[in-house]
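One structure is given here, and the rest of the page talks about it.
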Amino acid sequence: MDKFYCTKCFYLTSEDNPPEICPICNSPKEIFDPVVKNEKQFIPEYWNEHIEKKINEIHQRQIQAGANSSSFGLITDLHWAPNEKHSAAILEKVLTDCSVPFFFTGGDIVCGSGVCPASSLERELNEYTEAFKAIEHKCLMVAGNHDAAYSTLPVPNYYMESLTTDEMYEYYFRASAQYKNRVFGPDGTYCYADDKLHKMRYIALNTHIKWTDEIGENGLPVCDAFRTAGLMQEQLDWFANVALDVPSTDWTVVICTHEPVYTYYPNAAMALGIVDAFRRHKKYEGKNIDEKRPFYNAQISVDFTGRGGNFAVWVGGHTHADAAKYCDGMLSTATLNDSIHNAEGSPYKHVKGTDTEQAFDIFTVDKNAHKIYATRIGCGENREFEYEVF
């Protein structure tokens with residue numbers, strides 16, 4: 001028998017049949033669907049025409065942008081158990097045919113069912129890793145709020161337990177360490193990679209670093225990874241002084257976190273201040289004192305006078321919807337989820353057995369025109385943006 005999941009909240013059954021009422025969102029059993037098995041990766045025939053069309057669109061964007069441009073991919077919120085599981089093969093073909101050097105996984109790889117053992121996360125991660133093995137060397141991993149969170153406790157304590165920092169590194173990030181084309185931060189869960197020919201730097205930050213692995217008197221982690229997001233001092237120091245220390249001022253930076261930076265999680269404003277100084281080639285000093293959450297206390301002083309570079313876009317997911325906002329002139333975007341889940345109010349609907357069942361973007365950055373073209377593969381539409389250069 002297959003396992004079943006709630007199509008509204010992703011609750012995954014522990015038994016081989018759906019409950020009468022979902023214990024997380026109270027939906028009836030009728031909305032439960034069976035989990036898709038992780039079969040050998042292939043591209044279904046009904047995708048072929050769409051893929052060829054999209055590859056041609058990307059090529060045309062690249063030709064239009066010329067040699068002073070670069071392309072990268074973003075696939076986010078895969079939520080593996082309810083995923084239709086064709087995106088790895090499709091993404092491999094698109095990256096290869098369009099000579100795209102890197103892609104971000106924007107977080108929430110696992111189902112995130114709320115009530116499941118830690119072994120469920122490990123199993124899903126192993127399946128994902130096997131599926132994406134052929135393009136692992138191009139992958140810049142980003143952690144999401146679901147990726148460390150699990151619970152063996154009854155509702156309402158779902159998502160209250162978490163993988164430890166060491167477990168997160170082992171399951172999510174260790175595989176990346178074998179590749180020499182990226183530079184990691186101190187804990188190995190955030191990094192940057194360079195497209196040297198096109199003078200592009202791609203930075204993957206981690207908004208879900210646990211500030212402690214301590215277990216409280218109630219038997220639960222003191223740090224609830226599912227409900228905790230922000231940037232702390234060590235990562236901000238690395239971001240300002242290492243990741244943004246580009247070789248010359250004609251380099252352009254792209255950044256990815258799970259949550260779009262416009263959601264303003266703790267110290268997001270400070271990170272944006274650093275980026276603004278980087279692109280305007282000036283000094284920045286920032287300080288945050290958070291009495292209720294002292295682990296987010298941070299202070300930064302960095303001087304990009306005579307150096308720095310250009311900033312194109314800060315990409316993310318999390319919202320299961322397409323969005324774009326400018327934060328003090330800096331572009332922040334969100335990309336539709338790759339899973340079959342349809343968010344309420346979204347104009348786009350994933351339909352199984354069609355070319356809308358998956359969704360990811362190939363961004364092409366035109367450094368001459370200061371424009372960004374996001375070509376959507378699967379569900380959704382292409383998008384275009386502009387960014388400022390100083």
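Along the sequence shown, residues carry numbers from 1.
Inspection of the W47 and E357 side chains reveals an N or O donor paired with an N or O acceptor under 3.5 Å. Side chains of N297 and D290: no donor on one and acceptor on the other come within 3.5 Å. Neither side chain, T335 nor T76, offers a donor N or O lying under 3.5 Å from an acceptor on the other. A donor atom on one side chain and an acceptor atom on the other are found under 3.5 Å apart for T152 and E161. Looking only at atom types and distance, the side chain of T164 has no donor-acceptor partner in the side chain of D166 under 3.5 Å away. In the model, H258 has a side-chain atom that pairs as donor or acceptor with a side-chain atom of N145 under 3.5 Å. Side-chain atoms of N206 and T189 include a donor-acceptor pair closer than 3.5 Å. For the residue pair E136 and Y179, a side-chain donor N or O sits within less than 3.5 Å of a side-chain acceptor on the partner. Donor-acceptor pairing under 3.5 Å is lacking for the side chains of S69 and Q62. D338 and S87 are linked by a side-chain donor-acceptor pair at a separation below 3.5 angstrom, with hydrogens and angles left out of the test. In this structure, a donor-acceptor pair under 3.5 Å is present between the side chains of Q64 and Y373. Counting only N and O atoms by type, the side chains of T257 and W314 include a donor and acceptor under 3.5 Å apart.
A centroid separation of 6.0 Å or more is found between the aromatic rings of H341 and H350.
Without hydrogens or angle criteria, K54 side chain to R376 main chain gives a donor-acceptor distance under 3.5 Å. Distance alone, capped at 3.5 Å, places no donor-acceptor pair between the N288 side chain and the N267 backbone. Of the possible donor and acceptor atoms, one in the side chain of T354 sits under 3.5 Å from a partner among the backbone N and O of T356. Under a 3.5 Å cut-off, the side chain of K371 and the backbone N or O of K367 do not form any donor-acceptor pair. No donor-acceptor distance shorter than 3.5 angstrom exists from the side chain of Q233 to the backbone of Y296, with no hydrogens or angles considered. Although no hydrogens or angles enter the test, the distance criterion places no donor-acceptor pair under 3.5 Å between the side chain of Q235 and the main chain of M232.
When every heavy atom of E84 is checked against every heavy atom of V36, the shortest pair comes out as OE2-CG2, 3.2 Å. What you find for W211 and V222 is that their closest heavy atoms are CH2-CG1, 3.5 Å. Scanning all heavy atoms of the two residues, the minimum distance from P186 to W238 falls at CD-CD1, 4.0 Å.
With hydrophobic clusters built from ILVMFWY side chains whose heavy atoms lie under 4.5 angstrom apart, M330 shares a cluster with I255. Two different hydrophobic clusters hold L231 and Y169 under the rule that ILVMFWY side chains link at heavy-atom gaps under 4.5 Å. Residues Y262 and V313 are members of separate hydrophobic clusters, defined by side-chain heavy-atom contacts under 4.5 angstrom among Ile, Leu, Val, Met, Phe, Trp and Tyr. With hydrophobic clusters built from ILVMFWY side chains whose heavy atoms lie under 4.5 angstrom apart, Y190 does not share a cluster with F173.
Between E92 and K133, no side-chain nitrogen of the basic residue sits less than 4.0 Å from a carboxylate oxygen of the acidic one, so the salt-bridge criterion is not met. Salt bridge status for E388 with R279: present, with a side-chain N to carboxylate O gap under 4.0 Å. Between R307 and D245 there is a salt bridge, with a side-chain nitrogen of the basic residue lying less than 4.0 Å from a carboxylate oxygen of the acidic one. Salt-bridge annotation for R201 and D195: absent, with no side-chain N of the basic residue lying under 4.0 Å from a carboxylate O of the acidic one. Ion pairing between K29 and E20 holds under the 4.0 Å rule for side-chain N and carboxylate O. Salt-bridge annotation for K199 and D250: present, with a side-chain N of the basic residue lying under 4.0 Å from a carboxylate O of the acidic one.
Separating the CZ atom in R383 from the CD1 atom in I372 is a distance of 10.5 Å, to the nearest 0.5 Å.
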query: Passes ring pair (Phe, Tyr, Trp, His ring centres under 6.0 Å), H281 versus F390? Steps please.
result: CA-CA 8 Å; H281 315 285; F390 297 90; 8.0 Å; no
message: Let's go through L74 and F360 carefully: what are the C-alpha distance in whole Å and the side-chain angles of both, what is the deciding distance for side chain to side chain contact (heavy atoms under 4.5 Å, CB included) to 0.1 Å, and is it a yes or a no?
response: CA-CA 6 Å; L74 170 64; F360 61 87; over 6 Å; no
message: I'd like to know whether H146 forms a ring pair (Phe, Tyr, Trp, His ring centres under 6.0 Å) with Y159, so could you lay out the CA-CA distance, the side-chain angles of the two residues, the decisive distance to 0.1 Å, and finally the verdict.
response: CA-CA 8 Å; H146 282 274; Y159 295 120; 5.3 Å; yes
message: Run V365 and M200 through side chain to side chain contact (heavy atoms under 4.5 Å, CB included) and show every step you take.
response: CA-CA 9 Å; V365 180; M200 295 287 299; 4.1 Å; yes
Residues S27, Y11; criterion side chain to side chain contact (heavy atoms under 4.5 Å, CB included); working and verdict: CA-CA 10 Å; S27 295; Y11 168 72; over 6 Å; no
task: Would you sort out whether D33 and T7 count as a side chain to side chain donor-acceptor pair (under 3.5 Å), showing the intermediate values?
output: CA-CA 7 Å; D33 277 348; T7 57; 5.4 Å; no
message: Between Y172 and D147, is the side chain to side chain contact (heavy atoms under 4.5 Å, CB included) condition met? List the steps.
response: CA-CA 9 Å; Y172 286 81; D147 290 322; 3.2 Å; yes
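Note on residues 52-78: pairs passing ring-ring contact (aromatic ring centres under 6.0 Å, His included), not counting sequence neighbours, are F72-F104, F72-Y202, F72-F363. Sorted by first and then second residue, the pairs that involve residues 227-242 and meet salt bridge (charged side-chain N to carboxylate O under 4.0 Å, His left out), not counting sequence neighbours, are D224-R227.
Residue Y192 forms a side chain to side chain contact (heavy atoms under 4.5 Å, CB included) with just one option from V183, V254, L140, and that option is V183.
Residues forming a salt bridge (charged side-chain N to carboxylate O under 4.0 Å, His left out) with E52 (at least two apart in sequence, or on another chain): K93. In this structure H208 satisfies the side-chain hydrogen bond (donor to acceptor under 3.5 Å, both in side chains) test together with E259, sequence neighbours excluded. Every residue meeting the side-chain hydrogen bond (donor to acceptor under 3.5 Å, both in side chains) condition with R174, not counting sequence neighbours, appears here in chain and number order: E170. For the ring pair (Phe, Tyr, Trp, His ring centres under 6.0 Å) test, no residue two or more places apart in sequence or in another chain qualifies with W251. By the salt bridge (charged side-chain N to carboxylate O under 4.0 Å, His left out) test, E381 pairs with no residue at all, sequence neighbours left out. Considering only residues two or more places apart in sequence or on other chains, F304 meets the ring pair (Phe, Tyr, Trp, His ring centres under 6.0 Å) condition with F278. Not counting sequence neighbours, the partners of Y387 by the ring pair (Phe, Tyr, Trp, His ring centres under 6.0 Å) test are H370. Partners of Y46 under the ring pair (Phe, Tyr, Trp, His ring centres under 6.0 Å) rule, at least two apart in sequence or in another chain, do not exist in this structure.
For the pair P101/K138, no side-chain contact is recorded, criterion being any heavy-atom separation below 4.5 Å from C-beta on. Side chains of P82 and C111 form a contact here, defined as non-hydrogen atoms less than 4.5 Å apart.
If you chain together ILVMFWY residues whose side-chain heavy atoms come under 4.5 Å of each other, L220 ends up grouped with L153, M160. Listed by chain and number, the hydrophobic cluster partners of Y348 are L336, where partners are ILVMFWY side chains within reach of under 4.5 Å, directly or through others.
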